[in-house]
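A quick write-up on the structure given underneath.
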Amino acid sequence: MSAERLTLDAAAPERGAWRKRYLETCRYALYVIFHPFDGFWDLSHEKRGSVAAANTFLALWLITYVLRLMFTNFQFISAPIQYINIYQRCASLLLPFMVLCVANWSLSTLFDGKGRFKDIYMAMCYALVPYTLIQLPMILLSHILSFDEAAYYTVLASISVVWCVFLIFVGLMQVHDYGPGKTLIFLFFTIFGALVILFLILVFLSLLSDAVGYFVSLYREIAFRLY
């Protein structure tokens with residue numbers, strides 16, 4: 001038997017174990033969203049979650065958002081489909097999400113938080129699961145309901161958002177081992193810190209754009225004088 005075959009045979013159980021672990025951590029999200037206090041505690045402290053599952057939930061959140069814009073009945077959402085830039089829409093969600101994670105992790109030291117960046121990221125990704133579970137069926141529901149029944153659509157959409165916000169609150173509270181009051185204050189400073197980070201990013205990009213524009217103009221001027 002060749003050495004390559006032996007290597008593949010040895011790697012097969014590892015792939016199977018990884019796949020089993022991944023599926024278990026994905027299924028665990030259903031427990032988390034219905035039992036958030038115990039679920040988020042075990043997610044980080046008992047290693048019941050995984051980064052791979054968190055990445056999956058984050059991707060599903062972005063895909064659901066795009067599908068909602070593109071395929072929801074025009075009676076319930078007004079989105080100029082012909083002008084929608086999918087990558088720009090995803091970036092407009094992904095960038096603030098990652099900035100919030102970074103800001104939360106950065107400020108956790110000042111507030112004696114116990115969560116690592118990995119734990120914060122997983123908790124916030126798992127908290128997005130209700131949005132996908134509710135909003136995906138609502139795309140089909142929007143083509144069944146009439147305009148007079150829009151209240152049902154609005155209520156379900158509100159539930160998906162409120163549920164996610166509640167899960168983020170509980171998730172960060174359990175990850176950092178805070179009380180409700182301290183978590184609320186911590187979230188306020190997290191949002192403020194995220195706005196500061198976004199402002200610095202915009203300033204940096206603006207300066208970078210001006211610098212690039214300057215060197216491009218300088219090159220054109222030199223090329224024009226030489227040729």
Side-chain angles (χ1 to χ4, degrees), residues 7-68 86 89-91 93-109 111 113-139 156-157 159-180 183 186-187 190 194:
T7 302
L8 292 175
D9 291 342
E14 295 182 2
R15 291 197 297 268
W18 184 90
R19 189 181 300 111
K20 181 180 179 181
R21 163 72 175 168
Y22 170 73
L23 293 176
E24 287 178 351
T25 54
C26 286
R27 285 195 297 265
Y28 185 69
L30 295 176
Y31 180 82
V32 170
I33 64 176
F34 291 108
H35 305 84
F37 291 93
D38 293 333
F40 279 113
W41 178 268
D42 292 342
L43 184 73
S44 56
H45 296 84
E46 301 297 331
K47 311 301 180 184
R48 297 292 301 274
S50 69
V51 176
N55 292 337
T56 301
F57 299 139
L58 181 61
L60 289 174
W61 175 57
L62 296 175
I63 292 172
T64 302
Y65 176 74
V66 173
L67 292 177
R68 176 175 172 268
I86 295 177
R89 292 282 185 168
C90 289
L93 289 179
L94 186 59
L95 178 61
F97 179 86
M98 295 305 300
V99 169
L100 280 172
C101 291
V102 172
N104 190 276
W105 173 69
S106 302
L107 293 171
S108 62
T109 304
F111 286 82
K114 297 181 180 179
R116 301 170 299 172
F117 181 80
K118 174 184 175 182
D119 300 327
I120 296 168
Y121 174 76
M122 285 196 303
M124 294 190 66
C125 288
Y126 273 73
L128 299 175
V129 171
Y131 184 89
T132 300
L133 293 179
I134 296 177
Q135 292 284 352
L136 271 181
M138 283 176 57
I139 297 175
L156 288 174
I159 289 175
S160 68
V161 175
V162 172
W163 196 352
C164 289
V165 172
F166 173 73
L167 290 178
I168 290 174
F169 179 84
V170 176
L172 295 178
M173 182 172 66
Q174 295 297 84
V175 164
H176 294 296
D177 197 14
Y178 290 158
T183 303
F186 184 53
L187 283 175
T190 296

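Numbering of residues begins at 1 and proceeds along the displayed sequence.
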Are any of the side-chain heavy atoms of Gln174 and Ser44 separated by less than 4.5 Å? no
Under the side chain to side chain donor-acceptor pair (under 3.5 Å) rule, collect the residues that match up with Tyr31, sequence neighbours excluded. none
Considering all heavy atoms, the nearest Cys125-Phe57 contact: O-CB, 3.6 Å
Is there any salt bridge (Lys or Arg N to Asp or Glu O under 4.0 Å) pair reaching into residues 170-180, and which pairs are they, with sequence neighbours excluded? Lys114-Asp177
Measure the shortest side-chain to side-chain distance between Leu67 and Ile139 over non-hydrogen atoms and say whether it is less than 4.5 angstrom. yes
Listed by chain and number, what are the side chain to side chain donor-acceptor pair (under 3.5 Å) partners of Arg68, not counting sequence neighbours? Gln135
Would you call Phe40 and Leu167 a side-chain contact if the rule is heavy atoms closer than 4.5 Å? yes
Just so I know, are the side chains of Phe37 and Val170 near enough to count as touching, which here means a heavy-atom distance under 4.5 Å? yes
If I compare all heavy atoms of Ala91 with all of Pro96, which pair ends up nearest, and what's the gap? O-CD, 3.8 Å
Given side chains that start at C-beta, do those of Leu100 and Asn104 come closer than 4.5 Å, heavy atoms only? no
Please list, chain by chain and in numerical order, all residues satisfying side chain to side chain contact (heavy atoms under 4.5 Å, CB included) with Leu128, sequence neighbours excluded. Leu58, Trp61, Phe97
Taking side chain to side chain contact (heavy atoms under 4.5 Å, CB included) as the definition, give me every residue that meets it alongside Ile134, ordered by chain and number, with sequence neighbours left out. Met138, Leu156, Ile159, Ser160, Trp163
Strictly distance-based, threshold 3.5 Å: is any side-chain N or O of His45 a donor or acceptor partner for the main-chain N or O of Trp41? yes
Considering only heavy atoms from C-beta outward, does the side chain of His176 approach that of Phe186 to under 4.5 Å? yes
For a 4.5 angstrom cut-off between non-hydrogen side-chain atoms, does Leu136 reach Leu60? no
Between Ala103 and Ala194, what is the shortest heavy-atom contact and its length? CB-N, 3.6 Å
List the residues meeting ring-ring contact (aromatic ring centres under 6.0 Å, His included) with Tyr121, not counting sequence neighbours, and say none if there are none. none
Shortest non-hydrogen separation from Cys26 to Ala53 and the atoms involved: SG-CB, 3.8 Å
Quick check against the 3.5 Å criterion: does Tyr65 have a side-chain atom that pairs as donor or acceptor with the backbone of Cys90? no
Do you know which two heavy atoms are closest between Thr25 and Gly49, and how far apart they sit? CG2-C, 3.7 Å
Of the non-hydrogen atoms in Tyr28 and Asp38, which two are nearest, and what is the gap between them? OH-O, 4.0 Å
